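Data block below; observations after.
Since this is a predicted model, take the numbers as computed values, not measurements.
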Amino acid sequence: MVLPIAHATTAAPLAALLPARRGTAWQVGPAPYSIRNNAATSRITDGRRALVIAEQAGLVEVFADRLDDFAVYPDAVTDSTDPASVAGLAARALRWILPMLDAEVIAATAAEHGWQRVFRDKGAALTEVGFRLVDHGATPQAIERNDGPGLAWRTTDGTAQWGMWSHGIAGTYTLTYDGPLNGLYGALPILLPPLGAHTSTDAGSAFTRHLTDRFPQLRPLDAREVEFGAHQDLRGWIVLGPDLDPAAPVTGSTRVCAEVSAVGIDMALATAPHLV
């Protein structure tokens, strides 16, 4: 007698933390197969991508679900089913797993249909972000460049400029920012990696210490610039305005430029309320 696979209790909370794409929210369904013997297992999907969640003895594993590849190694793992741990799994999905699945689709599209089709599909994805920004009061403008489509918009108070750019057939996008430092404070907690074992440093200048004291994940490069990021994660930098003294007192109105690369559409949708 074959017993039915029990549902993973973390599947629904995880699905609720992932943004809808094209108006389709993530839904929980039965697992197509059992990845771990006797593990509670569910599959969540937004109709385009899918993740499989397996729970056993307090361990929760998340696998990218591919039609032509049986999942063996998990893409994210946690040893608890509490809300904070589920939020950590959602962050991992936004930062790495979903962009990886999107990049695989883009690579296949490029091979079969060419870069023009990729640009069209990436433009459609950027339109999703544009509508989310409009919902929060911004007025984004579509921009066509030789290396692909992009969006540009000013914050609702008119003090800063954001952009989101597609570079060729790469699977992810680059966010750019030019404005006062306090315009980054809402987005940085989402875009920066988890705190983990990072510790702040007294190295650098008044400018870099101002940032690393608030966000220890940032690493000073020199007196004017900090960076963050690692393999399989978002990467970026923040640099002081060119006419400003890094030893001078820093306030929320201090002008900076910033860039964050390897941003997936889902991460952009989740961060949109803080980009206006």
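Minimum interatomic distance between A247 and A206 (heavy atoms only, all atoms of both residues): O-CB, 3.8 Å. Between I106 and G171, the shortest heavy-atom contact is CD1-CA, 3.6 Å. Shortest non-hydrogen contact noted between L151 and G130 is CD1-N, 3.8 Å. Taking every heavy atom of both residues into account, R154 and A138 meet most closely at O-CB, 4.3 Å. Shown here for L18 and A90, the closest heavy-atom pair between the two residues is CD2-O, 4.1 Å. Of all heavy-atom pairs spanning F63 and A54, the tightest one is CE1-CB, 4.2 Å.
Atom CD of E227 and atom CG of L221 lie 4.0 Å apart (nearest 0.5 Å). To the nearest 0.5 Å, atom OG of residue S42 and atom CD of residue Q27 are 12.5 Å apart. For the atom pair W26 CH2 and R43 CZ, the distance stands at 9.0 Å (nearest 0.5 Å). Distance check, rounded to the nearest 0.5 Å: CG of N182 to OG1 of T251 gives 8.0 Å. Rounding to the nearest 0.5 Å places CD of Q217 at 9.5 Å from CZ of F228. Remark: F131 CZ to H136 NE2 distance equals 14.0 Å, nearest 0.5 Å.
Clustering ILVMFWY residues whenever any of their side-chain heavy atoms sit less than 4.5 angstrom apart, transitively, puts L101 in the very cluster that holds L17. Tracing side-chain contacts under 4.5 Å through hydrophobic residues (I, L, V, M, F, W, Y), one never reaches Y177 starting from W165; they form parts of separate clusters. Both Y185 and L218 are members of a single hydrophobic cluster when ILVMFWY side chains are connected at heavy-atom separations under 4.5 Å. In terms of hydrophobic clustering, with Ile, Leu, Val, Met, Phe, Trp and Tyr side chains grouped at heavy-atom distances under 4.5 Å, V263 and V118 are assigned to different clusters. With hydrophobic clusters built from ILVMFWY side chains whose heavy atoms lie under 4.5 angstrom apart, I35 shares a cluster with Y73.
Side-chain contact between P216 and L195: present, with at least one pair of heavy atoms (C-beta onward) separated by less than 4.5 Å. N38 is listed as a side-chain neighbour of Q56, based on a closest heavy-atom distance under 4.5 Å. A heavy-atom distance below 4.5 Å is found between the side chains of L269 and V129. In this structure, the side chains of K122 and H167 stay at 4.5 Å or more apart for every pair of heavy atoms. Side-chain contact between S261 and T172 is absent, with no heavy atoms from C-beta onward closer than 4.5 Å. Taking the side chain as every heavy atom from C-beta outward, L275 and L175 approach each other to under 4.5 Å.
Judged by distance alone, with hydrogens and angles left aside, the side-chain atoms of R235 form a donor-acceptor pair with the main-chain N or O of D233 at under 3.5 Å. No side-chain donor-acceptor contact under 3.5 Å links D65 to the backbone of V52. Side chain of T78 to backbone of V60: no donor-acceptor contact under 3.5 angstrom is found. The closest donor-acceptor contact from the side chain of R224 to the backbone of L244 lies under 3.5 Å. With R214 contributing its side chain and H210 its backbone, the two residues share a donor-acceptor pair below 3.5 Å. Panel note: side chain T156, backbone V276; a donor-acceptor pair is recorded below 3.5 Å. In this structure, T155 contributes its side chain and A160 its backbone to a donor-acceptor pair below 3.5 Å. With T10 contributing its side chain and A8 its backbone, the two residues share no donor-acceptor pair below 3.5 Å. In this structure a side-chain-to-backbone donor-acceptor pair under 3.5 Å is present from R95 to L191.
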Practice problem: With side-chain contact (heavy atoms from CB on, under 4.5 Å) as the test, would you mind laying out the steps for H274 and L188 before giving the verdict? | Solution: CA-CA 9 Å; H274 306 287; L188 283 177; over 6 Å; no

Practice problem: Test V28 against I44 for side-chain contact (heavy atoms from CB on, under 4.5 Å), laying out the working first. | Solution: CA-CA 4 Å; V28 181; I44 65 173; 3.9 Å; yes

Practice problem: Assess whether side-chain contact (heavy atoms from CB on, under 4.5 Å) is satisfied between M267 and L98, documenting all intermediate values. | Solution: CA-CA 9 Å; M267 175 60 84; L98 297 180; over 6 Å; no

Self-check item: Derivation and outcome, side-chain contact (heavy atoms from CB on, under 4.5 Å), residues L181 and L211
Solution: CA-CA 9 Å; L181 186 56; L211 284 168; 3.8 Å; yes

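For the residue pair T81 / E55, no side-chain donor-acceptor distance below 3.5 Å is found, with atom types taken as modelled. Inspection of the T174 and E259 side chains reveals no N or O donor paired with an N or O acceptor under 3.5 Å. For the residue pair Q232/R92, the side-chain donor-acceptor check at 3.5 Å is satisfied.
Enclosure of atom CD in E112 is not indicated, since only 12 or fewer non-hydrogen atoms of other residues, nucleotides or ligands lie within 6.0 angstrom. Annotation: D243, atom CG; neighbour count of heavy atoms from other residues, nucleotides and ligands within 6.0 Å is above 12.
Using a cut-off of 4.0 Å between Lys/Arg side-chain N and Asp/Glu carboxylate O, R255 and D178 are scored as salt-bridged. Taking the charged nitrogens against the carboxylate oxygens, R49 and D102 do have a contact shorter than 4.0 Å, which makes a salt bridge.
Between W153 and W162, the ring planes lie parallel to each other; the angle is under 30°, not in the 30° to 60° tilted range.
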